[in-house]
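Have a look at the structure below, then the notes.
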Amino acid sequence: MDGKWKATEEMVRQFDELFVNRRAYTVQSMKPHPESGRHYYYRPTRKQTGEPLALTTSRIRQHLEGDITIAVYAINPKTQCSKWMAIDADYPHALEDLLKVQGELRRDGIQAALEKSRRGAHLWVFFATPVLAREARVYVLNLADRLTLPVKGTGWPEGIEVFPRQDQLAEGEFGNAIRAPLGVHRGAGKRYWFYHADYELESQLRYLAGLERVSEAKLREITRGMSIPKQFTPPMSKSEGLRPYLYSGGDFRILDYVEVRRKAGRNYWTRCPSCAAAGHDTSGDNLAISIEEPMKYKCWAGCTKEKIRAALGRPIPIWRFA
Ligand SMILES: [Zn+2]
């Protein structure tokens with residue numbers, strides 16, 4: 001485990017100002033899942049009521065001090081805007097690709113900060129004022145197109161991952177969260193720093209605060225006449241292709257609907273259909289299906305059985321639990 005750092009009020013303020021788009025957030029579990037070995041993220045809730053907790057300054061301090069690890073969402077649902085865009089790459093040669101992206105951004109006069117990650121890196125660009133998620137995506141996806149980089153979630157199994165991941169959020173949606181910088185990665189038990197500042201909190205935040213931020217006017221100027229390249233428009237979501245529900249005596253076998261990716265422990269593991277419909281679980285191992293009793297399955301990101309069934313076009317008939 002990395003050394004213990006003290007986060008001052010100013011550091012917490014800087015972090016909040018840079019990274020927090022909305023008060024909803026997720027936390028990385030401290031313990032790995034016993035079978036998959038992964039540290040899942042979950043939305044923290046109040047124990048008594050189940051009500052989701054809002055991100056407070058004290059939670060941010062805990063993140064910076066390494067006591068918890070949070071992930072932040074890219075889009076504020078009230079404005080459909082983001083303070084930043086981030087590109088995540090974690091495949092072989094990911095760093096090479098991100099350096100290409102960084103160079104291409106520089107040609108547009110945009111400064112980007114490179115942060116190490118467990119298997120690759122994240123590249124961050126900050127905006128002077130929050131910009132529409134869609135506008136940020138138009139820009140970065142055109143840039144990926146120029147560099148002929150594959151983008152995850154658009155039919156490619158591997159590639160860069162772009163945050164914001166959605167053009168906009170519908171009512172009640174959260175979109176995708178990215179592990180917030182400067183905290184401890186629970187899986188690796190260490191921090192990953194930005195490359196261009198000393199490896200301690202104060203220098204890192206000072207470096208980030210000093211980066212030139214892209215104005216909305218500049219973004220509009222660069223993206224004038226651009227739209228999202230066709231190959232990156234999202235594949236049709238499962239819910240659009242709903243099979244008509246026929247009540248067939250209630251025998252629902254999840255294994256008829258999903259393809260198992262691997263076997264570990266007492267479970268099969270694969271991508272959760274409900275997570276997938278929201279563009280989540282790109283690593284494809286949130287859903288555990290009991291090998292012995294395949295009627296039993298569970299999404300480790302917390303999707304309910306109702307949501308999973310709905311995502312498969314086989315909603316649970318209401319009368320069964322009315
Ligand atoms: Zn799920």
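Note that the structure is predicted; figures quoted are calculated from it, not measured. Whatever order the structure lists them in is the order used to number ligands and atoms, beginning at 1.
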- Of all the heavy-atom pairs spanning E65 and W5, show the shortest one and how long it is. CG-O, 3.2 Å

- Query: Between H196 and Y207, what is the ring plane arrangement, given parallel below 30°, perpendicular above 60°, and tilted in between?
  - Reply: tilted

- Query: Angle subtended at the Zn ion (ligand 1) by SG of C303 and SG of C299, to 10 degrees?
  - Reply: 110°

- In degrees, rounded to 10 degrees, what angle do C275 atom SG and C272 atom SG make at the Zn ion (ligand 1)? 110°

- Item | Backbone N/O of L169 and side chain of Q80: donor-acceptor pair under 3.5 Å | yes

- Task: Measure from the Zn ion (ligand 1) to each N, O or S atom of H280 and report whether any distance is below 2.8 Å.
- Result: no

- Query: Where the side chain of T223 meets the backbone of M226, is there a donor-acceptor pair that is under 3.5 Å apart?
  - Reply: no

